[in-house]
Protein chains: 2
Amino acid sequence: MKQYCKFESALDILIGKWKPVILLQLIANGAMRFSELQKAIPGINKKMLTQQLRELEYNDIVHREVYHQIPPKVEYSISEYGQSLGAVLQVMNDWGTAHIDHMNMLYGAEDRSEQE
Amino acid sequence: MKQYCKFESALDILIGKWKPVILLQLIANGAMRFSELQKAIPGINKKMLTQQLRELEYNDIVHREVYHQIPPKVEYSISEYGQSLGAVLQVMNDWGTAHIDHMNMLYGAEDRSEQE
DNA sequence: CGTTAAGGTTACTATTTATTAACCAGGTTT
DNA sequence: AAACCTGGTTAATAAATAGTAACCTTAACG
């Protein structure tokens with residue numbers, strides 16, 4: 001009966017206000033430098049970008065490559081191991097897409113951005 | 001390139017300190033009443049239990065069945081539609097299990113509960 | 001008539017997360 | 001020499017999330 005009991009460890013590494021969009025960027029664009037990510041993600045600030053990248057790096061999802069130059073250059077990319085997350089995201093995406101439809105069916109398709 | 005762009009909508013319904021454990025309970029035990037959930041989940045309080053259940057109910061993952069009796073009886077269960085989440089949890093669980101191993105490999109298996 | 005029962009709600013506090021803005025390094029351009 | 005570049009860090013603040021404790025309902029029990 002403890003079938004799904006470890007799904008939280010997958011959940012944990014995706015949780016964080018900016019992690020999904022960071023991953024999406026890196027998946028779509030391959031290696032990106034810090035400033036490119038910052039430009040590509042409106043509303044994010046350096047601190048959050050650093051912090052979320054560090055957490056993804058700690059989990060070996062993202063690889064950080066430092067070029068010792070002045071001014072510095074640092075590139076982030078999905079790590080070899082991180083690629084394995086693709087299948088998970090795919091399944092979540094498929095279900096998520098269907099879920100949006102399901103919710104529209106239940107509550108109507110008016111673009112309500114709030115719940116309550 | 002917008003392959004996984006909706007995976008956040010799946011993520012959203014799983015986010016919340018108690019949602020995973022509530023789902024796990026309901027998956028394992030079928031219908032459970034409010035007080036049974038409260039007993040089964042150490043540390044949770046009425047407010048949080050109600051709130052998380054309401055969010056799951058709003059997303060049609062959990063079904064709420066009220067028995068009009070005194071004292072009241074309310075049973076919660078995974079809804080018909082909510083069953084479809086099972087496949088997602090399964091994939092996340094499998095990856096999560098492997099990820100725990102991967103992290104142990106990277107950082108050693110000493111039971112470090114903190115990062116940093 | 002006060003207490004108990006189940007399943008909540010409410011107002012208030014505490015803890016966690018996220019945001020803002022200022023600062024740093026060290027070489028290059030003006 | 002002042003200002004700019006990138007990729008950060010730090011301290012302080014705001015916003016969001018979670019936790020505590022007291023209260024509510026309606027009927028039955030002692």
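Reminder, nothing fancy here: chain letters follow the sequence lines and each chain counts from 1. Given the structure is predicted, the values throughout are model-derived calculations rather than measurements.
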- [ ] Please state whether the rings of A:Tyr81 and B:His102 are parallel, tilted or perpendicular, taking 30° and 60° as the class boundaries.
- [x] parallel

Task: Euclidean distance, atom CG of residue B:Leu53 to atom P of C:dG8 [Å, nearest integer] - done: 8 Å

TODO: Using whole Å, report how far CD of A:Gln51 lies from C1' of C:dT17.
DONE: 8 Å

Task: Interatomic distance where CG belongs to A:Asn45 and P belongs to C:dC23 [whole Å] - done: 17 Å

Task: Pair A:Val21-A:Ile44, side chain to side chain contact (heavy atoms under 4.5 Å, CB included): steps then yes or no - done: CA-CA 10 Å; A:Val21 59; A:Ile44 203 171; 5.9 Å; no

Task: Protein-nucleotide distance (B:Lys47, atom NZ; C:dT10, atom C1'), rounded to Å - done: 9 Å

Open item on the list: With a 4.5 Å cut-off on side-chain heavy atoms, are A:Gln25 and A:Met32 touching?
Closed with: yes

TODO: Would you kindly give the CD1-to-C1' distance between A:Ile22 and C:dA18, to the nearest whole Å?
DONE: 13 Å

TODO: Answer whether the closest heavy-atom distance between the side chains of A:Ile13 and A:Leu85 falls below 4.5 Å.
DONE: yes

- [ ] In whole angstrom, give the distance that lies between atom CE of B:Met48 and atom C1' of C:dT9.
- [x] 13 Å

Open item on the list: Rounded to whole Å, how long is the line connecting atom NE2 of A:His68 with atom C1' of C:dA25?
Closed with: 14 Å

Task: Expected output: side-chain B:Glu65 to main-chain B:Glu75 donor-acceptor under 3.5 Å - done: no

TODO: Output, in order, the C-alpha distance, side-chain angles, deciding distance and verdict of side chain to side chain contact (heavy atoms under 4.5 Å, CB included) for B:Glu57 and B:Arg54.
DONE: CA-CA 5 Å; B:Glu57 193 193 354; B:Arg54 291 287 138 85; 3.8 Å; yes

Can you name the atoms? Protein N/O to nucleotides 3-7 of chain C N/O, anything below 3.5 Å, with the distance.
{"from": "C:dA6", "atom 1": "O3'", "to": "B:Arg33", "atom 2": "NH2", "distance (Å)": "3.0"}
{"from": "C:dA6", "atom 1": "O3'", "to": "B:Pro72", "atom 2": "O", "distance (Å)": "2.8"}
{"from": "C:dG7", "atom 1": "OP1", "to": "B:Arg33", "atom 2": "NE", "distance (Å)": "3.1"}
{"from": "C:dG7", "atom 1": "OP1", "to": "B:Arg33", "atom 2": "NH2", "distance (Å)": "3.2"}
{"from": "C:dG7", "atom 1": "OP1", "to": "B:Val74", "atom 2": "N", "distance (Å)": "2.9"}
{"from": "C:dG7", "atom 1": "OP2", "to": "B:Ser35", "atom 2": "N", "distance (Å)": "3.0"}
{"from": "C:dG7", "atom 1": "OP2", "to": "B:Ser35", "atom 2": "OG", "distance (Å)": "2.8"}
{"from": "C:dG7", "atom 1": "N7", "to": "B:Lys46", "atom 2": "NZ", "distance (Å)": "3.0"}

Open item on the list: Reading DNA chain D from 5' to 3', where do the contacts with chain B start and stop? Cut-off is 4.0 Å to heavy atoms.
Closed with: D:dA18 to D:dA27

Open item on the list: Same cluster or not: B:Ile15 versus A:Ile61, using hydrophobic residues (I, L, V, M, F, W, Y) connected whenever any side-chain heavy atoms lie under 4.5 Å apart?
Closed with: yes

Task: Student check: side-chain heavy atoms of B:Leu14 and B:Leu89 closer than 4.5 Å - done: yes

